[in-house]
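Structure first, then comments.
First listed ligand is number 1; within each ligand, the first listed atom is number 1.
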Amino acid sequence: MPTWKATACAYSNIAFIKYWGNINDELRLPVSGSISMNLDGLRTRTTVDFENDLKSDAAVIDGKELPLGPALDRISKHMDYVRKLANNPHRALVISETNFPTGAGIASSASAFAALSLATAAALEVRLTERELSALARLGSGSASRSVPGGFVEWYAGTTHEASYAESIAPVDHWALTDVVAIISKAHKATGSTEGHSIAASSPLQAARIASAPQRLETCRKAILARDFDAFAEVVELDSNVMHSVMMTGNPALFYWLPTTLTLMETVRDLRKQGVGVCYTIDAGPNVHCICAPDAAPKVIAALQNIPGVLELKQATAGGPAYVEA
Ligand code: PMV
């Protein structure tokens with residue numbers, strides 16, 4: 001008799017080469033590949049319990065029961081993929097906790113859907129490879145595909161469900177980079193990434209972004225493998241700027257930056273000119289991820305902590321793969 005209950009953990013990740021736009025919104029097949037680093041300590045822990053004979057799925061997120069609506073539907077739909085593979089129609093209770101504030105500008109959908117994928121597959125005893133788990137997580141949130149493998153990760157765009165998955169390109173201990181996240185707003189973003197991806201194609205700049213993505217991916221991959229911070233910093237900032245240019249020129253235009261975002265970008269660039277190994281990257285929000293070379297984080301924190309508008313600085317080094325708790 002199977003236990004039909006399992007718990008899994010996954011870390012958030014920060015993209016160095018970004019994912020923005022799909023060729024297939026339903027399957028979340030991206031227009032181009034992306035590269036990221038898992039963030040140690042910024043974790044979601046999810047238990048999926050099929051044991052109780054529930055009439056419909058239920059979810060308790062950070063201690064609060066989810067009401068009926070789109071968030072619960074997204075979780076149910078995700079578990080449907082695994083139920084289909086297991087040929088098991090049972091409904092589940094999902095209990096999930098994220099140890100960083102989800103409104104704090106660090107993506108929680110990546111760690112959440114990676115953990116949900118592993119826990120659901122384990123609970124229903126569906127044996128999947130890491131590659132298959134990554135592709136499964138992608139169906140819930142594209143960036144979740146990158147939270148399944150550990151360390152430094154590349155998501156290959158692919159043009160089919162099976163071919164669109166992420167794998168590790170370097171292990172956790174390959175390079176001691178630190179992400180110092182400068183949180184300047186805790187408000188939930190006005191336009192979420194699912195909607196943002198569908199707007200991306202309306203920007204006249206998206207075609208150029210897609211055409212030049214393979215080159216940035218290669219430069220970034222090589223810089224990570226060679227631990228070449230200067231080359232890394234240049235391509236990471238370029239890629240973030242290119243993505244935000246697309247966001248700002250779509251229909252509707254999406255402006256995620258606040259004045260303090262620009263102040264922080266300028267401060268980071270000045271620090272680098274002074275020889276401090278740091279570069280910025282920004283997701284679909286105003287907060288600034290400052291990626292620091294080994295030993296640079298204390299200098300970066302000293303420079304950023306007194307900037308007006310900076311509410312909090314969070315630090316994370318490279319994190320491991322998602323895992324099922326024994
Ligand atoms: O996985 P999603 O749909 O939340 O998209 C993530 C989009 C960015 O964070 C802006 C970029 C990325 O690659 O993580």
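Under the 4.5 Å side-chain heavy-atom criterion for grouping Ile, Leu, Val, Met, Phe, Trp and Tyr, I75 is connected to W4 within one hydrophobic cluster.
The S141 neighbourhood of ligand 1 comprises atoms 1 (O), 2 (P), 4 (O), with distances under 4.0 Å to a heavy atom of that residue. Near G142, with a cut-off below 4.0 Å to any heavy atom, the atoms of ligand 1 are 1 (O). Ligand 1 places these atoms under 4.0 Å from at least one heavy atom of H197: 2 (P), 3 (O), 5 (O). Close approach of ligand 1 to A15 is summarised as follows: ligand atoms under 4.0 Å from at least one heavy atom of the residue are 12 (C), 13 (O), 14 (O). Below 4.0 Å from some heavy atom of S109 lie the following atoms of ligand 1, by number and element: 4 (O). The contact set between ligand 1 and A284, taken as ligand atoms under 4.0 Å from a residue heavy atom, comprises 10 (C). Every atom of ligand 1 is numbered from 1 in the order shown, and the set under 4.0 Å from a heavy atom of S193 is 2 (P), 3 (O), 4 (O), 5 (O).
When only interatomic distances are considered, the shortest N/O to N/O separation between N13 and ligand 1 does not fall below 3.5 Å. Geometrically, ligand 1 and W20 share no nitrogen or oxygen pair separated by less than 3.5 Å. Here's the thing with S34: none of its N/O atoms is less than 3.5 angstrom from an N/O atom of ligand 1. Taking any N or O of Y19, backbone or side chain, at least one lies under 3.5 Å from an N or O belonging to ligand 1. Geometrically, ligand 1 and T194 share no nitrogen or oxygen pair separated by less than 3.5 Å.
Not a single donor-acceptor pair under 3.5 Å links the side chain of K77 to the backbone N or O of R74. A donor-acceptor pair under 3.5 Å links the side-chain atoms of D239 to the main chain of K18, judged by distance alone.
Residues satisfying the side chain to side chain donor-acceptor pair (under 3.5 Å) criterion with S134, sequence neighbours excluded, are absent altogether.
Between Y280 and H289, the ring center distance fails the sub-6.0 Å criterion. Residues F255 and H244 keep their aromatic ring centres 6.0 Å or farther apart. Aromatic pair Y19/W155: centroids less than 6.0 angstrom apart.
Classified by interplanar angle (parallel below 30°, tilted 30° to 60°, perpendicular above 60°), the ring pair H197/W20 is tilted. Between F232 and F16, the ring planes are perpendicular. Angles over 60° get that label, and only those under 30° would be called parallel.
Heavy atoms of R146 found under 4.0 angstrom from ligand 1 belong exclusively to the side chain.
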